[in-house]
S.K.: 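Next up is a structure, given as structure tokens.
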Amino acid sequence: MIELENVSKTYISLFRNRRVEALAGLTLSISRGEVFGIAGPNGAGKSTMLSILLGYLRPTAGQARLDGHNPRQYVERSGVSYLTELVSIPPRWNLESALYRYASLSNLPKPTARDRVRHAIDTLGLEEHCKKQVRQLSKGNLQRLGIAQALLADSDLVIFDEPTHGLDPVWTQKFRDIVTELRRPSRTILIASHNLDELERLADRVGILNQGRLQRIVTAGGAHTGGVYRLVLAHPAPRLAEFFADATVVEGRSNEFRVSGTLEQLNQRLAEVMEAGITLVAFYPEQSRLETEFRAAVGESES
């Protein structure tokens, strides 16, 4: 669905005395049916990449294709479901009429528009806010309205830019369910986010950008090979040091410890802990694999 081949984008100041390389030689292929995440620090090139895919910008060099077409041609012909990073809707519109206006822009027939608007309102829990003006909405409800408008068009390409920004924990969880429901073999979902935990949960693969370059692609949810883990016990256990000599107590949590080692070492020690009658509550990596890869990728590119 998405092909980027040696894509570069350089911004030149008005007086041509300054050049900023936002993307440099980006090559990437994203398949139909895939949920692909984009991660990176501020200024990494994420927004420029999305702007090129949406046809807002042309690359300085290289080629971008959506389903074999120029991005602008694809967007005009097939449409894209898109949530921008900053939701900006005329403040005097009320919520329901805003959705009908967006449905009209998507060229949806009236009966279809009515069904899609009602479905979006129900999915995002916006019924009680339908008659409110946009300026009366909280930050979280405005974000939910932004997601709702992105659901109106039944597009094969869905792009979410910082979709959980401003959402409370309940709606952050519900957004995961929405993405699961959006999955289908013909659809590609692109999610750009600073929230690595969300990308770990939602994406099949995550591309890490920094300084305009694709540093690496991580298969989300992959197995850890070791590192630092959290070990939570049901009760204080002075004997834990017999099995984990390097265990350190997590500040403020007397029954929670940091331990480290390879998977083989950790499994052996955990077996010995349980044989000694010490009750475990939880054991999990202190950082997700994606967080570990992100730190390594960003650190490498800045060193």
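Remember, it's a predicted structure, so these values are computed and weren't measured experimentally.
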S.K.: Looking only at heavy atoms, which two atoms of Ala64 and Leu4 are closest? And how far apart?
M.R.: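 Closest pair (atom of Ala64, atom of Leu4, distance): CB-CD2, 3.4 Å.
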
S.K.: Determine whether a donor-acceptor pair (N or O, by modelled atom type, separation under 3.5 Å) exists between the side chain of Thr164 and the backbone of Leu167.
M.R.: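 Side chain of Thr164 to backbone of Leu167: no pair is present.
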
S.K.: Between Ile189 and Ile30, is there a shared hydrophobic cluster once you connect ILVMFWY residues whose side-chain heavy atoms come closer than 4.5 Å?
M.R.: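 Cluster IDs for Ile189 and Ile30 differ.
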
S.K.: State plainly whether one hydrophobic cluster holds both Leu202 and Ile2, where clusters connect Ile, Leu, Val, Met, Phe, Trp and Tyr through side-chain heavy atoms under 4.5 angstrom apart.
M.R.: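 No, no single cluster joins them.
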
S.K.: State, yes or no, whether a side-chain contact exists between Leu233 and Phe257 at a heavy-atom distance under 4.5 Å.
M.R.: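 Contact flag for Leu233/Phe257 side chains = yes.
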
S.K.: Does any non-hydrogen side-chain atom of Ile278 lie less than 4.5 Å from one of Phe243?
M.R.: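 Yes, at least one pair of side-chain atoms sits under 4.5 Å.
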
S.K.: Say whether Val179 and Ile159 are linked into one hydrophobic cluster, either directly or through other cluster members, by side-chain heavy-atom distances under 4.5 angstrom.
M.R.: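 Unlinked, Val179 and Ile159 end up in two clusters.
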
S.K.: Quick one: does Ser155's side chain have a donor or acceptor within less than 3.5 Å of a partner on Val158's backbone?
M.R.: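 Pair absent, no side-chain N/O of Ser155 close to backbone of Val158.
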
S.K.: Which residue, Arg216, Gln215, Lys46, forms the side-chain contact (heavy atoms from CB on, under 4.5 Å) with Leu209?
M.R.: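 The residue from Arg216, Gln215, Lys46 that satisfies side-chain contact (heavy atoms from CB on, under 4.5 Å) with Leu209 turns out to be Lys46.
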
S.K.: Please list all pairs meeting ring pair (Phe, Tyr, Trp, His ring centres under 6.0 Å) that have one or both residues in residues 163-219, counting only residues at least two apart or in different chains.
M.R.: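 Residue pairs passing ring pair (Phe, Tyr, Trp, His ring centres under 6.0 Å), neighbours aside: Phe160-Phe175.
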
S.K.: Is there a side chain to side chain contact (heavy atoms under 4.5 Å, CB included) between Ile147 and Thr123? Walk through the geometry before answering.
M.R.: CA-CA 10 Å; Ile147 296 171; Thr123 300; over 6 Å; no

S.K.: Could you measure the distance from the CD atom of Glu3 to the OG atom of Ser29? Nearest 0.5 Å is fine.
M.R.: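 Taking CD in Glu3 and OG in Ser29, the distance rounds to 3.5 Å.
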
S.K.: To the closest 0.5 Å, what do you measure between CD1 (Ile38) and CE (Met49)?
M.R.: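 So the gap between those two atoms works out to 3.5 Å.
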
S.K.: Given salt bridge (charged side-chain N to carboxylate O under 4.0 Å, His left out), test Arg269 with Glu242 step by step and report yes or no.
M.R.: CA-CA 9 Å; Arg269 292 171 187 171; Glu242 296 177 19; over 6 Å; no

S.K.: Could you list who else is in Tyr284's hydrophobic cluster, with ILVMFWY side chains joined at under 4.5 Å, directly or through other members?
M.R.: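 Direct or chained contacts put Tyr284 with Val232, Val281.
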
S.K.: Measure across Ala153 and Ser106 and return the closest heavy-atom pair with its distance rounded to 0.1 Å.
M.R.: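 Scanning both residues completely, I find the closest heavy atoms to be CB-OG, 4.1 Å.
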
S.K.: Kindly indicate whether the side chain of Tyr56, heavy atoms from C-beta on, has any atom under 4.5 Å from the side chain of Leu50.
M.R.: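 Sidechains of Leu50 and Tyr56: no contact.
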
S.K.: Would you give the length of the straight line joining atom CG of Leu126 to atom CG of Leu95, rounded to the nearest 0.5 angstrom?
M.R.: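 Answer for the CG-CG pair, Leu126 versus Leu95, is 5.0 Å.
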
S.K.: Would you say Arg58 has more than 12 foreign heavy atoms packed within less than 6.0 Å of its CZ?
M.R.: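 No.
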
S.K.: Roughly how far apart are Leu86 CG and Gln143 CD, rounded to 0.5 Å?
M.R.: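 Leu86 atom CG to Gln143 atom CD measures 9.0 Å (nearest 0.5 Å).
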
S.K.: Let me check something: do Leu137 and Leu151 share a hydrophobic cluster, defined by ILVMFWY side-chain heavy atoms less than 4.5 Å apart, either directly or through other members?
M.R.: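 Per the 4.5 Å side-chain linkage, Leu137 and Leu151 are co-clustered.
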
S.K.: Below 4.5 Å, heavy atoms only, C-beta onward: do Ile217 and Leu28 meet side chain to side chain?
M.R.: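 Ile217 reaches Leu28 side chain to side chain.
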
S.K.: Which heavy atom of Asn267 sits nearest a heavy atom of Leu263, and at what distance?
M.R.: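 Minimum heavy-atom separation between Asn267 and Leu263: ND2-O, 2.8 Å.
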
S.K.: Taking atom CZ of Arg92 as the centre, report whether more than 12 heavy atoms of other residues, nucleotides or ligands fall under 6.0 Å from it.
M.R.: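 No, the 6.0 Å shell around CZ holds no more than 12 heavy atoms from other groups.
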
S.K.: Apply side chain to side chain donor-acceptor pair (under 3.5 Å) to residues Thr188 and Glu34 and explain how you reach the verdict.
M.R.: CA-CA 5 Å; Thr188 300; Glu34 185 172 15; over 6 Å; no

S.K.: Is there a side chain to side chain contact (heavy atoms under 4.5 Å, CB included) between Asp67 and Leu157 once you walk through the steps?
M.R.: CA-CA 10 Å; Asp67 197 24; Leu157 178 58; over 6 Å; no

S.K.: Measure the shortest side-chain to side-chain distance between Gln149 and Tyr82 over non-hydrogen atoms and say whether it is less than 4.5 angstrom.
M.R.: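 No - every pair of side-chain heavy atoms lies 4.5 Å or more apart.
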
S.K.: Using the rule that Ile, Leu, Val, Met, Phe, Trp and Tyr join whenever any side-chain heavy atoms are under 4.5 Å apart, tell me whether Val218 and Ile191 fall into a single cluster.
M.R.: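 Yes, one cluster joins them.
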
S.K.: Check salt bridge (Lys or Arg N to Asp or Glu O under 4.0 Å) between Glu21 and all other residues, then give those that pass, not counting sequence neighbours.
M.R.: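 For Glu21 the salt bridge (Lys or Arg N to Asp or Glu O under 4.0 Å) partners, ignoring immediate neighbours, are Arg213.
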
S.K.: Evaluate side chain to side chain contact (heavy atoms under 4.5 Å, CB included) for Asp154 paired with Arg184, printing each intermediate quantity in order.
M.R.: CA-CA 11 Å; Asp154 190 30; Arg184 69 186 187 198; 3.0 Å; yes

S.K.: Quick one: CG on Leu190 to OG on Ser81, what's the gap to the nearest 0.5 Å?
M.R.: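 The OG atom of Ser81 is 12.5 Å from CG of Leu190, to the nearest 0.5 Å.
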
S.K.: Should we count CD of Glu5 as having more than 12 external heavy atoms under 6.0 Å?
M.R.: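 Count not over threshold, so no.
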
S.K.: Answer yes if the side chains of Glu264 and Gln268 hold a donor-acceptor pair under 3.5 Å, and no otherwise.
M.R.: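 Result is no, nothing qualifies.
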
S.K.: Closest approach of Gln265 and Thr262, non-hydrogen atoms and distance?
M.R.: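 Looking at all heavy atoms of both residues, the closest pair is OE1-N, 2.9 Å.
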
S.K.: Checking Ser97 side chain against Asn94 main chain: does a donor-acceptor pair fall under 3.5 Å?
M.R.: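 Confirmed, Ser97 side chain pairs with Asn94 backbone.
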
S.K.: Does Ser47 offer a backbone N or O that forms a donor-acceptor pair with the side chain of Ser51 under 3.5 Å?
M.R.: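 Yes; at least one donor-acceptor contact below 3.5 Å.
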
S.K.: So which atom in Pro163 and which in Leu83 form the shortest heavy-atom distance, rounded to 0.1 Å?
M.R.: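 Nearest pair, atom of Pro163 first, then Leu83: CA-CD2, 3.6 Å.
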
S.K.: Are side-chain heavy atoms of Ser260 and Asp246 found at a separation under 4.5 Å?
M.R.: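 With C-beta onward as the side chain, the pair touches.
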
S.K.: Arg187 side chain to Leu182 main-chain N or O, any donor-acceptor pair under 3.5 Å?
M.R.: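 The answer is yes, because a donor-acceptor pair under 3.5 Å joins these two groups.
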
S.K.: For Trp93 and Leu99, what are the C-alpha separation, side-chain angles and deciding distance, and is it a side chain to side chain contact (heavy atoms under 4.5 Å, CB included)?
M.R.: CA-CA 10 Å; Trp93 289 3; Leu99 288 175; over 6 Å; no

S.K.: Sub-3.5 Å donor-acceptor pair from the side chain of Arg230 to the main-chain atoms of Glu256, do we have one?
M.R.: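 It does not hold such a pair.
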
S.K.: Rounded to the nearest 0.5 Å, what separation is found between the CG atom of Asp161 and the CD atom of Glu85?
M.R.: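 Here the interatomic distance stands at 5.0 Å.
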
S.K.: How far apart are the C-alpha atoms of Glu291 and Arg295, what are their side-chain angles, what is the distance that settles it, and do they pass the salt bridge (charged side-chain N to carboxylate O under 4.0 Å, His left out) test?
M.R.: CA-CA 6 Å; Glu291 288 174 321; Arg295 285 175 178 268; over 6 Å; no

S.K.: Shortest non-hydrogen contact from Ala120 to Leu152?
M.R.: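 Closest pair (atom of Ala120, atom of Leu152, distance): CB-CD2, 4.1 Å.
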
S.K.: When you compare the side chain of Val87 with that of Leu145, does any pair of heavy atoms fall below 4.5 Å?
M.R.: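 Not in contact.
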
S.K.: When you measure from the side chain of Glu198 to the backbone N and O of Ala203, does any donor-acceptor pair fall under 3.5 Å?
M.R.: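 Absent.
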
S.K.: Is there a side-chain contact between Ile121 and His129 (heavy atoms, below 4.5 Å)?
M.R.: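 Not touching, per the 4.5 Å side-chain cut-off.
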
